[in-house]
Amino acid sequence: MTEKDTTEKVRVRFAPSPTGHLHIGNAHTGLFNWLFARHNGGKFILRIEDTDLERSYAESEKLILEDLKWLGLDWDEGVDIGGPYGPYRQTERLELYRQYAQRLLDEGHAYLCYCTPEELEMERKAALDRGEAPRYGGRCRELTEARRAELERQGRRPAVRFRVPDEVIVVNDLIRGPIEFDSKTIGDFVIMKCDGVPTYNFAVVVDDVHMKITHIIRADEHVANTPRQILLYEALGLPLPKFAHISMILGPDRTKLSKRHGATSVFHYRQAGYLPDAVVNYLALLGWSPENGEEVLTREELVKQFSLDRVGKSPAVFDIAKLNWLNGVYIRQADLKSLTGMAIPYLKNAGLVSEPVTGERFDWLMDVVDSVRGYLDNLSQIPEHAGVFFGDRIDIDDGKARKIISDPETSRVLNLFIKELESLEPFDREAIHTMLLKMPAQLGLSVRKTLMPVRVALTGTTAGPELPNVIFILGRDRSIGRARQALHACS
RNA sequence: GGCCCCGUCGUCUAGUGGCCUAGGACACCGCCCUCUCAAGGCGGCGACACGGAUUCGAAUUCCGUCGGGGCUACCA
């Protein structure tokens, strides 16, 4: 495709089914569509495919929209905001499908089928037993008027079945190249169920045509459906859009990512404190790579660099370890003020802070967040690292820490520490640092032997942020208080 | 079963006939920095599924085998 083709009128759509939260795999497909639209200055359309009445539920649509918004994938037309080709919810477009189905019926491309699910199931099983392909046999393909009337009298409601013509269909996939299918392997398929609701393959075609979709970018699992859809376009005499099938996202066992693999919804990652930019960045790297090999890319860079040419064919395994690393990168780079804002709900949830957090308290919290951000994969981990800065008492229950606190030299160390800290002026990181460095010589001990007891006394553990930072954030009084407590504990 | 897709380090990938004794990133291991743990810096481990063919030359092309996945619904 040339630049001209894609610059002005690119229209892509993301069409999830409202059957739960937004799935990571769907988000991935949505992201690629969004990136393609934004890169080409086109339109990104959100359509809801709710024709599976059994599994769809209204609440899910809201959840999906929220997750999409959180990811920052904004749409130009869609269920909630409307647009020139609405409505954007399939169950509200039933009349349209009915019209197209009627047209197919009138032109002989489709016919009424009165077979019951039970009959079809039996036929299917029989074919399978014979080792044959389980295709619709065509029992209702040439029904006489009399027979039809009789079946109607029995109270049977017909489904509309597409009459598959005999031909070779070629899908010219933008990512995979040409893929051939022989229509002989495809049985006449249902396009309208007996309840008047269209099936997926039919609804997508009608909607994509109607919404003037130019590029269909969707997951790999749909390639086998594409010939059916192409047949439909042909029967309707409509021009084909371009197809681009991206690979699916797999679990560690290399099967389609699903609940079995653990957390697969965008919502889960959102709750766990992953940053939307990090999730977007990570997802973009699954099946696509930028020319320069960069791994950390802003949303803008992603949009600027995205191209279908650089999308790979092989499926990718969702690797939480790499997402964690990338999220850590974003946490470390984030603007401290907004990061603190994002961290508050997690601290609040752990009972460490109570809202509202304003003024000096917020500034103090920024110091806290800044001192522990280096430890985090995600924000939900912040309470366990920031916990040391809260409360007056600390527990020393870690074995290594107990050993250090019970060392005979510890009381000398702590007494000096308390004395020095009491008179320290000014009380800032710089001065604390200098004070700390003077202590070993004063005590005739190694730096380690001096500072480790202080650390344990103040935090209860042997690991944590830099000591001057800990002392400064804790403040003079609480630092001294904790040191005294520890002193009692070791005597 | 039939049809289709896919196959480079454990994982994400670069690579479109010679630039590849295959590059990067995550993970892992080691070293440095350091009161500690992270972070960071440096280094290490580690792959072209297999077999043929084409070619002076193949990760790159073709065929086959094997492996994985998807579709084959009045699910999407």
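Residue numbers start from 1 in every chain, and the chains themselves are labelled A, B, ... in the order their sequence lines are given, proteins ahead of strands. Computation of the quantities below employed the complete heavy-atom set of this structure, encompassing side-chain atoms and omitting hydrogens, waters and symmetry-equivalent molecules. Fair warning: this is a prediction, and the values are worked out from it, not measured in the lab.
Contact check on A:Asp208 versus A:Arg47 returns a salt bridge, with a Lys/Arg side-chain nitrogen under 4.0 Å from an Asp/Glu carboxylate oxygen.
Taking the six-membered ring wherever Trp is involved, the centroid distance between the rings of A:Phe318 and A:His261 does not fall below 6.0 Å.
Spacing of P atoms, B:G67 relative to B:A49, comes out at 16 Å, to the nearest Å. Spacing of C1' atoms, B:C48 relative to B:C20, comes out at 10 Å, to the nearest Å. A gap of 15 Å separates the C1' atoms of B:C29 and B:C9, to the nearest Å. Taking atom P in both B:G44 and B:G24, the straight-line distance is 9 Å, to the nearest Å. One C1' atom belongs to B:C50, the other to B:A58, and the distance between them is 16 Å to the nearest Å. Taking the C1' atom of each, B:A53 and B:A47 are spaced 24 Å apart, rounded to whole Å. Using atom C1' as the reference point in both B:U61 and B:G15, the two lie 15 Å apart (nearest Å). Rounded to whole Å, the P atom of B:G23 lies 40 Å from the corresponding atom of B:C3.
Residue-to-nucleotide contacts include a donor-acceptor pair under 3.5 Å from the side chain of A:Arg455 to the base of B:C35. In the interface, the side chain of A:Asp319 is not paired with the base of B:A27 through any donor and acceptor atom under 3.5 Å apart. Taking only distance into account, the side chain of A:Tyr375 meets the base of B:C37 through a donor-acceptor pair shorter than 3.5 Å. On a pure distance criterion of 3.5 Å, a polar donor-acceptor pair joins the side chain of A:Glu295 and the base of B:G24.
Here A:Leu120 lies in heavy-atom contact (under 4.0 Å) with a base. Using a 4.0 Å heavy-atom distance criterion, A:Glu180 is classed as a sugar-phosphate-only contact. Within 4.0 Å of A:Gly312, counting heavy atoms only, lies no atom of the nucleic acid at all. Within 4.0 Å (heavy atoms only), A:His245 reaches no atom of the nucleic acid at all. Contact annotation for A:Lys256: backbone-only contact, meaning every heavy-atom pair under 4.0 Å involves sugar-phosphate atoms and none involves a base. Across all strands shown, A:Ile179 has heavy atoms under 4.0 Å from sugar-phosphate atoms exclusively, and none from any base.
In terms of phosphate contacts, A:Thr51 brings a side-chain nitrogen or oxygen within less than 4.0 Å of OP1 or OP2 of B:A76. Not one side-chain nitrogen or oxygen of A:Thr462 sits closer than 4.0 Å to the OP1 or OP2 atom of B:C37. Note on A:Lys125: every side-chain N or O is 4.0 Å or more away from OP1 and OP2 of B:A73. Note on A:Arg254: every side-chain N or O is 4.0 Å or more away from OP1 and OP2 of B:G10.
Pairing partner, B:C3: B:G70, with both Watson-Crick or wobble hydrogen-bond distances short of 3.5 Å. Nucleotide B:A22: unpaired (no Watson-Crick or G-U wobble partner with both distances less than 3.5 Å).
When A:Gln305, A:Glu294, A:Glu295, A:Arg310 are each tested for a side-chain contact (heavy atoms from CB on, under 4.5 Å) with A:Ser289, only one passes: A:Arg310.
In the model, A:Thr91 has a side-chain atom that pairs as donor or acceptor with a side-chain atom of A:Asp50 under 3.5 Å.
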